[in-house]
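One structure below.
For ligands, and for the atoms within them, numbers begin at 1 and follow the listed sequence. In this text the structure is predicted, and so the values were computed from the model without any measurement.
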Amino acid sequence: MSSETDFTLAVEDLTVSFDGFKAVDGLNLYVDRNELRVVIGPNGAGKTTVLDLICGKTKATTGSIKFKNHELTTLSEHEIVRAGVGRKFQTPSIYENLSVYENLEISYPAKRGVWGCLAFKRTAEIDQRVREIATEIFLQDSLDMEAGLLSHGQKQWLEIGMLLIQDPELLMLDEPVAGMSVKEREQTAELLNRIAKGRSVIVIEHDMEFVKNIAHKVTVLHQGKILAEGSMDKVQNDPKVIEVYLGH
Ligand code: ADP
Ligand code: MG
């Protein structure tokens, strides 16, 4: 039976098995609007696979993924992006030979063709949006720089910007601060706290100091199942979590 939900994202009984091995096993996950959820867990727990399932890169064996009450498991990756789901992979995929400005510009969502003064208006609109996003991601002074020359952290921010310009209602980030300096991590925490307003954000992360700075709620995954869920405090003091994850 399908039920209506107020959650932006409602994952129910989600399972994927690869040759009989259940990488995700009967998962239930509910994420609210304005919520920033962090998913933690040991390597191989199934964290990345959960994001693969939500964005349609991997097809579920059984279960349901509802985004604003629309079933995603039957949609293609492309349709899921258009529905308003943005996903950032672990390694940044930006166009190294293009400028920061051009990277953001080409990520602006395509609409119906427009001509004449409408086209002019649209150009101005895109220009304004590109500058707004560049400011959000701390790259307002690097618009003309070739993206390949950015620091690793700045490349991560640029890719977040390329997703933000599409204004997704659900944004998923896989280990966004890996390889970042302490200062960049602090700035990224500030950025994520800002962008969670008005949307839902799911972040996979290992850096517990960073998790503390951003998480509303934490979900701990282990062997494809939820081991614990709740506030950072609750999860950190959970003996099961300490045993399989934090203790190491
Ligand atoms: P995490 O991100 O938590 O480290 P993953 O989701 O990447 O874990 O992987 C969970 C498990 O599923 C691992 O054992 C991994 O080898 C396996 N797995 C992931 N994707 C596939 C796939 N496409 N085919 C087979 N096994 C996979
Ligand atoms: Mg992973």
Side-chain angles (χ1 to χ4, degrees), residues 9-31 36-65 67 72-78 80-81 85-94 152-153 155-157 159-160 163 168 170-180 184-185 188-189 192 200-212 214-215 217-230 232 235-236 238 240-248:
L9 181 75
V11 171
E12 292 185 328
D13 273 331
L14 188 68
T15 297
V16 65
S17 80
F18 300 115
D19 298 320
F21 166 74
K22 289 179 178 169
V24 173
D25 188 1
L27 181 76
N28 294 303
L29 182 72
Y30 303 91
V31 184
L36 197 162
R37 175 71 57 92
V38 179
V39 179
I40 64 172
N43 277 328
K47 305 180 297 296
T48 298
T49 306
V50 171
L51 299 197
D52 288 345
L53 287 162
I54 296 169
C55 78
K57 184 169 177 261
T58 298
K59 287 290 159 205
T61 308
T62 55
S64 153
I65 303 169
F67 172 61
L72 294 187
T73 50
T74 52
L75 301 185
S76 69
E77 270 188 89
H78 193 70
I80 292 171
V81 169
V85 177
R87 190 260 177 93
K88 188 194 169 309
F89 289 85
Q90 265 170 273
T91 43
S93 55
I94 54 169
H152 178 74
K155 287 179 186 174
Q156 303 271 32
W157 290 337
E159 198 185 1
I160 293 173
L163 292 168
L170 171 63
L171 187 61
M172 305 189 289
L173 310 167
D174 202 344
E175 304 192 16
V177 297
M180 279 191 185
E184 286 173 335
R185 278 166 201 245
T188 306
L192 295 189
S200 306
V201 180
I202 301 177
V203 180
I204 294 176
E205 196 44 68
H206 285 294
D207 179 336
M208 294 310 284
E209 217 28 66
F210 180 73
V211 173
K212 250 180 246 173
I214 61 165
K217 257 198 223 171
V218 177
T219 297
V220 187
L221 216 60
H222 178 53
Q223 297 176 344
K225 294 191 175 86
I226 291 182
L227 185 70
E229 192 170 83
M232 182 72 187
V235 155
Q236 259 190 318
D238 186 317
K240 289 184 309 242
V241 178
I242 294 168
E243 190 190 330
V244 311
Y245 185 59
L246 296 174
H248 297 288

I'd like a table of the close N/O pairs between ligand 1 and the protein (anything under 3.5 Å), one pair per line with both atom names and the distance.
residue, atom, partner, partner atom, Å
ligand 1, 2 (O), T48, N, 3.0
ligand 1, 2 (O), T48, OG1, 2.9
ligand 1, 3 (O), A45, N, 3.2
ligand 1, 3 (O), G46, N, 3.0
ligand 1, 3 (O), K47, N, 2.9
ligand 1, 3 (O), K47, NZ, 2.8
ligand 1, 4 (O), G44, N, 2.8
ligand 1, 6 (O), T48, N, 3.4
ligand 1, 6 (O), T49, N, 2.9
ligand 1, 6 (O), T49, OG1, 2.5
ligand 1, 8 (O), G46, N, 3.3

Please answer whether the main-chain N or O of [Y] pairs with a side-chain N or O of [X] as donor and acceptor at a distance below 3.5 Å.
X	Y	value
K47	P42	yes
R37	T219	no
H222	A228	no
T61	S17	yes
T15	G26	yes

Atoms (protein N, O or S; no water) under 2.8 Å from the Mg ion (ligand 2):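 That number is 1, waters not included.
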Residues E209, K212: salt bridge by 4.0 Å N-O rule: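 A salt bridge links E209 with K212.
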Side chain to side chain contact (heavy atoms under 4.5 Å, CB included) between D25 and Q223, intermediate numbers included: CA-CA 8 Å; D25 188 1; Q223 297 176 344; over 6 Å; no
Side chain to side chain, T49 and F18, heavy atoms closer than 4.5 Å: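 Sidechains of F18 and T49: in contact.
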E12 vs Y30, side chain to side chain contact (heavy atoms under 4.5 Å, CB included): CA-CA, chis, key distance, verdict: CA-CA 8 Å; E12 292 185 328; Y30 303 91; 2.6 Å; yes
